[in-house]
Every structure is written in structure tokens, then in C-alpha cells.
Undergrad: 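Below you will find the structure I want to go over with you.
Just so we're on the same page: letters track the sequence lines, and every chain starts at 1. When reading the values below, keep in mind they use all heavy atoms of this one structure, side chains included, and skip hydrogens, waters and symmetry mates.
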2 protein chains.
Amino acid sequence: MAEGGSNGRSTGRSSQGFGGESLLFLTDEQLRQGIEAMFFAYRGFTADPDRILAEMSYGRAHHRAIHFINRAPGTTVNNLLTILGVTKQSLNRVLRTLISDGLVESRVGVSDKRERHLHLTENGKALEAKLSDAQRARMRAAYKDAGPEAVQGFKKVLEAMMDADMRRAYVTLRETGS
Amino acid sequence: MAEGGSNGRSTGRSSQGFGGESLLFLTDEQLRQGIEAMFFAYRGFTADPDRILAEMSYGRAHHRAIHFINRAPGTTVNNLLTILGVTKQSLNRVLRTLISDGLVESRVGVSDKRERHLHLTENGKALEAKLSDAQRARMRAAYKDAGPEAVQGFKKVLEAMMDADMRRAYVTLRETGS
DNA sequence: CTTGGAATGTCAACATGGCTGACATAAACT
DNA sequence: AGTTTATGTCAGCCATGTTGACATTCCAAG
């Protein structure tokens with residue numbers, strides 16, 4: 001990309017010449033750095049929970065489900081699969097193991113009996129806390145390293161990177177939580 | 001986590017009381033927001049290339065391989081799997097399809113005949129450019145939205161989030177590239 | 001009230017891409 | 001030369017994504 005990137009140079013700047021404001025910081029090289037930073041950072045981001053999960057033959061999919069069920073107790077399968085961005089069939093397998101392992105409880109809806117409302121059991125909450133603690137520790141260290149200003153920018157760029165519906169989901173969760 | 005997070009409150013602040021500096025910004029709630037931001041943003045980050053790849057029955061693994069081969073032409077299988085953080089067997093399957101599809105060329109090493117040096121063919125470069133363009137467009141838009149200050153912070157936090165060896169790899173690539 | 005379609009969730013079968021194990025070849029070190 | 005180490009390939013397993021078929025429930029039209 002740096003040298004072999006065919007038309008890499010052609011999109012090298014988002015504005016030619018002086019362009020008025022500070023748009024000349026968007027070189028392809030800097031964008032590529034951001035791409036690689038996302039890739040490497042995401043590995044670190046998931047590394048600690050992954051290690052814990054591997055010990056109990058669970059995977060990232062289980063972590064995600066547990067996280068968001070804890071986040072919004074009583075959520076339905078349908079809600080959850082929208083948030084997670086997978087098919088209901090894929091989610092269902094993960095939920096099945098979590099339910100049969102006694103980490104998640106599935107309650108038939110009262111107003112609508114087609115729905116299943118999901119809750120963590122005590123064991124489920126314990127695992128959630130363990131996973132979250134590990135992930136938060138890494139995040140806390142990174143935040144501390146980078147400083148509050150950087151954290152603001154970090155979140156701002158990530159938000160801008162989301163698809164519109166995910167940004168909506170993210171904001172909704174944020175408002176619900178805090 | 002917000003309410004059921006067992007010991008969530010106990011780690012709610014990284015420093016009690018006034019503590020001297022601005023360390024009180026690290027509440028669990030804010031850390032959780034960062035975690036969810038990473039999750040949702042990563043989906044957006046991979047969404048555009050994923051769509052392109054799906055059309056040609058490739059996956060994210062192919063994209064990653066192509067990206068880093070383009071980034072460091074002539075790299076060996078061993079180098080590549082260190083960067084990618086997967087096993088050689090896993091990488092091998094992806095490389096096999098890319099080679100047989102004529103996107104990647106594998107040349108036996110001259111000084112060490114055990115090694116295979118990897119290069120993109122013209123077709124490989126074309127696909128790389130197509131994928132990169134899509135991903136850079138998203139990144140460019142996010143950068144523009146968030147502004148240069150935010151981008152600085154974004155990279156700073158991501159770097160702090162990486163494992164030490166990945167940070168080294170990242171920095172090396174960065175220096176090589178620019 | 002009944003009936004037909006839409007919504008929700010479950011089960012089955014398949015594909016991708018992780019993984020470990022076994023192995024071939026080349027290099028390196030006694 | 002002979003053992004050990006490094007590199008890469010092949011085979012098979014598992015987690016988790018996918019689509020398709022289906023049961024249950026709800027709702028709206030007749």
C-alpha cells in the first residue's frame with residue numbers, strides 16, 4: 001500500500017493544495033496507520049477475556065451475549081441479535097449452551113408469549129464480572145496511559161466509525177447505563 | 001454491569017476522594033462505554049471490506065493476509081503469522097487459496113530454502129486496493145467528523161491498548177511505511 | 001370466529017477459519 | 001554424520017458464522 005498501492009497516491013489527500021482548513025492531515029499513510037492500530041488494538045482488547053473463556057471452552061460469542069444480557073436484563077432474543085449483529089440461529093446455539101450450563105435464564109414473555117426474556121443467573125453474573133474486570137483493567141490502564149484528552153478523542157473517532165444503527169444502539173445503551 | 005456488576009462499584013474510581021490529579025474520570029461506567037464503543041466501531045471498521053469479500057467467497061482472514069503482504073512485500077510465512085497472531089496452519093489454508101487463485105505468489109527463499117517469500121500479483125494488488133479504498137473511505141470520514149485533535153487521542157489510546165509485542169510490530173510497520 | 005400472514009424462536013445442515021497433531025524438508029549445531 | 005531446530009504443508013477437529021425448514025404465537029381482514 002505504501003508503495004505498491006496502485007492508486008494509493010491518487011487519494012493521498014482529501015483536498016488538494018491548501019484547501020482552506022486543516023484537511024491536509026488525511027494522508028493515506030495516516031489512514032493506514034489508523035487501520036492497523038484498530039487491528040492490533042482489537043487483539044489486545046479481546047485478549048484477556050479470551051484467555052479466561054478458553055479455560056472453560058467458551059468463546060467470544062458467549063462473552064458478547066453475557067455482556068449485553070447483563071447490560072439490559074430482560075432483553076429478548078430479538079433485541080440481542082440486533083445488537084450483536086448475528087443471525088438468530090447463530091445466537092441461539094450460544095444461548096442454548098449458556099442456558100443449559102445455568103448461566104442464563106430464559107423466561108417466556110407475559111404480554112407476548114413468543115418472546116423469551118433473558119437474565120443472568122448468579123453464576124452468570126459471576127462470570128460476567130470476571131470477564132469485565134479483566135477487560136476493564138486493560139482499558140483502565142490504556143486510558144491512564146493516554147490521558148483524559150486522548151480518551152475523548154478515542155470515543156469520538158470510534159463513534160464516527162460506527163454504522164448509523166449501531167451508533168443509535170450505542171447511544172441508547174449509554175443513556176440507559178449512566 | 002451497571003447495576004448487577006457485583007464488585008463493579010468497588011473499582012468504580014481509580015482514586016478515592018480528590019486524589020490530586022484528574023484520575024476521577026475512570027469510572028466503571030465510562031470504561032464500559034469504551035468497551036462497547038470498541039465493539040460497535042470494529043463492526044463498522046470491517047463492514048465495507050467484508051461486503052466486498054463476501055461477493056468473492058473470501059473472508060476477513062484473506063483481507064488481513066493481503067493487507068500485510070502488500071505492506072511488506074517479500075515477507076515470509078513466519079513473519080506474517082506473527083503479525084496476524086494465528087497459527088501457521090490456519091494461515092496456510094488462506095495462503096493456499098490466494099496462491100491458487102493467482103493473487104499471491106510464493107517464492108522459495110534464496111539464502112534459506114525453507115522460507116517462502118510472499119508477494120502480491122497484479123490481481124492481488126488490485127483486490128488489495130479495492131479493499132483498502134473501501135476501508136480508508138470509512139476511516140477518512142470518521143477522521144473528518146472527529147477532527148485532528150480527536151485522531152491524536154484515538155491513536156494514543158489504541159496504542160496503549162495493544163499487547164507489547166503488537167505495539168512493537170505496529171511501530172515497526174509505521175516506521176517502515178512512512 | 002376463523003383464517004392467513006407476520007413475528008419470534010428452535011432445530012438441522014453447511015462453510016469459514018480458528019486450533020492441534022503428524023510430517024517433510026532444510027539448516028544448524030554438536 | 002547425526003541429532004536438534006526451524007519452516008512450511010497436509011489432515012482433521014471445533015467454534016461460530018450462514019441459510020433453510022419449521023413450530024408457536026400474535027394480529028388483522030373477512
Side-chain angles (χ1 to χ4, degrees), chain A residues 39 42-43 46-47 49-69 74-101 104-119, chain B residues 39 42-43 46-47 49-69 74-101 104-119:
Chain A
F39 172 70
Y42 200 79
R43 288 250 298 281
T46 56
D50 279 359
R51 262 188 292 274
I52 296 171
L53 291 157
E55 287 171 12
M56 41 187 61
S57 62
Y58 284 150
R60 232 173 260 181
H62 300 86
H63 183 192
R64 294 194 285 256
I66 288 175
H67 176 95
F68 286 107
I69 292 172
T75 190
T76 63
V77 173
N78 219 1
N79 278 336
L80 198 52
L81 63 90
T82 305
I83 293 283
L84 294 176
V86 298
T87 59
K88 58 186 178 177
Q89 296 91 329
S90 186
L91 175 59
N92 183 56
R93 179 178 16 203
V94 170
L95 285 179
R96 209 182 333 175
T97 72
L98 290 174
I99 290 168
S100 74
D101 290 354
V104 168
E105 200 190 343
S106 167
R107 301 180 195 157
V108 174
V110 267
S111 64
D112 188 335
K113 287 175 195 158
R114 291 171 304 181
E115 296 180 338
R116 300 289 181 274
H117 297 271
L118 304 168
H119 299 264
Chain B
F39 172 70
Y42 200 78
R43 287 251 298 282
T46 56
D50 279 359
R51 262 188 293 274
I52 297 171
L53 290 157
E55 288 170 12
M56 41 188 59
S57 62
Y58 284 150
R60 230 174 261 180
H62 299 84
H63 182 193
R64 294 194 286 256
I66 287 174
H67 175 96
F68 286 107
I69 292 172
T75 190
T76 63
V77 173
N78 220 1
N79 279 335
L80 198 51
L81 62 90
T82 304
I83 293 283
L84 295 176
V86 298
T87 59
K88 60 186 177 177
Q89 296 91 331
S90 186
L91 175 58
N92 184 56
R93 178 179 16 206
V94 170
L95 285 179
R96 209 182 332 175
T97 70
L98 290 174
I99 290 168
S100 74
D101 289 354
V104 168
E105 198 190 345
S106 167
R107 302 179 194 156
V108 174
V110 266
S111 63
D112 188 334
K113 287 177 196 159
R114 293 172 303 179
E115 295 179 340
R116 300 289 180 273
H117 297 272
L118 304 168
H119 299 264

Undergrad: Taking only side-chain nitrogens and oxygens of Thr87(B), does any of them come within less than 4.0 Å of OP1 or OP2 of dC19(C)?
TA: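 It does, given that an N or O in the side chain of Thr87(B) lies less than 4.0 Å from OP1 or OP2 of dC19(C).
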
Undergrad: Heavy atoms only, 4.0 Å cut-off, all strands: where does Thr76(A) land among base, sugar-phosphate and nothing?
TA: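 The residue Thr76(A) makes sugar-phosphate contact but no base contact.
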
Undergrad: Test for a donor-acceptor pair under 3.5 Å between the base of dA27(C) and the side chain of Arg114(B), counting only N and O atoms.
TA: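 Answer no: no donor N or O sits under 3.5 Å from an acceptor.
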
Undergrad: Can you tell me how far C1' of dA24(C) sits from CZ of Arg116(B), to the nearest Å?
TA: 11 Å

Undergrad: Any donor-acceptor pair under 3.5 Å between the side chain of Arg93(A) and the base of dG17(D)?
TA: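 Answer is yes: a donor-acceptor pair is held.
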
Undergrad: How many Å lie between CG on Leu80(A) and P on dT8(C), as a whole number?
TA: 14 Å

Undergrad: Mind listing the closest non-hydrogen atom pair of Arg43(A) and Gly85(B) along with its distance?
TA: NH2-CA, 3.5 Å

Undergrad: If you check the Lys113(A) side chain, which of dG18(C), dT8(C), dC26(D) turns out closest?
TA: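 Out of dG18(C), dT8(C), dC26(D), the nucleotide with an atom closest to Lys113(A)'s side chain is dC26(D).
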
Undergrad: Can you figure out which of dT10(C), dT9(D), dT16(D) approaches the side chain of Lys88(B) most closely?
TA: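 Of all the options, the side chain of Lys88(B) is nearest to dT9(D).
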
Undergrad: Closer than 4.0 Å, any side-chain N/O of Arg64(B) to the OP1 or OP2 of dG18(C)?
TA: yes

Undergrad: Rounding to an integer number of Å, can you tell me how far Glu55(B) CD sits from dT18(D) C1'?
TA: 17 Å

Undergrad: Would you compute the distance between atom CZ of Arg107(A) and atom NE2 of His117(A) and round it to the nearest 0.5 angstrom?
TA: 10.0 Å

Undergrad: Give a yes or no on whether a donor-acceptor pair under 3.5 Å exists between the nucleobase atoms of dG18(C), that is its base, and the side chain of Gln89(B).
TA: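 Between dG18(C) and Gln89(B), which were checked side chain against base, a qualifying N/O pair under 3.5 Å is absent.
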
Undergrad: Pick one: which of Leu118(B), Asn79(B), Ile83(B), Thr75(B) meets side chain to side chain contact (heavy atoms under 4.5 Å, CB included) with Phe68(B)?
TA: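 So, applying the side chain to side chain contact (heavy atoms under 4.5 Å, CB included) to Phe68(B) and each of Leu118(B), Asn79(B), Ile83(B), Thr75(B), only Ile83(B) qualifies.
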
Undergrad: Asp50(A) has an atom CG; how far is it from atom C1' of dG17(C), in whole Å?
TA: 15 Å

Undergrad: In Å and rounded to the nearest 0.5 Å, what is the CG to OG1 distance from Asp50(B) to Thr46(B)?
TA: 4.5 Å

Undergrad: Of Gly59(A) and Asn92(B), whose nearest nucleotide on DNA chain D comes first from the 5' end?
TA: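 Counting from the 5' end, the first nearest nucleotide belongs to Asn92(B).
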
Undergrad: Apply the side chain to side chain contact (heavy atoms under 4.5 Å, CB included) test between Val86(A) and each candidate in Leu91(A), Asn92(A), Leu80(A); give the one that qualifies.
TA: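 Per the side chain to side chain contact (heavy atoms under 4.5 Å, CB included) rule, the option paired with Val86(A) is Leu91(A), out of Leu91(A), Asn92(A), Leu80(A).
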
Undergrad: In whole Å, I'd like the distance from the CG atom of Leu53(A) to the P atom of dC14(D).
TA: 19 Å

Undergrad: Specify the closest pair of heavy atoms between Ala61(B) and Val94(B), including all atoms of both residues, with the distance to one decimal.
TA: CB-CG2, 3.7 Å

Undergrad: Quick check on DNA chain D: between Ala61(A) and Ser111(A), whose nearest nucleotide comes earlier from the 5' end?
TA: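 Taking each residue's closest nucleotide, the earlier one in sequence belongs to Ala61(A).
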
Undergrad: May I ask you to evaluate whether Arg96(A) reaches the phosphate of dC11(C), defined as a side-chain N or O under 4.0 Å from OP1 or OP2?
TA: yes

Undergrad: Just how far, in rounded Å, is C1' of dC14(D) from OH of Tyr58(A)?
TA: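 Answer to the nearest Å: 16 Å.
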
Undergrad: Output the rounded distance in Å from CD (Glu115(A)) to P (dA6(C)).
TA: 19 Å

Undergrad: Does Asn78(B) put a side-chain nitrogen or oxygen below 4.0 Å from OP1 or OP2 of dT7(D)?
TA: yes

Undergrad: What is the separation between atom CE on Met56(A) and atom C1' on dA15(D), rounded to the nearest whole Å?
TA: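 Answer to the nearest Å: 16 Å.
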
Undergrad: Phosphate oxygens OP1/OP2 of dA15(D): is one of them under 4.0 Å from a side-chain N or O of His62(A)?
TA: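 False: His62(A) side-chain N/O out of range (4.0 Å or more) of dA15(D) OP1/OP2.
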
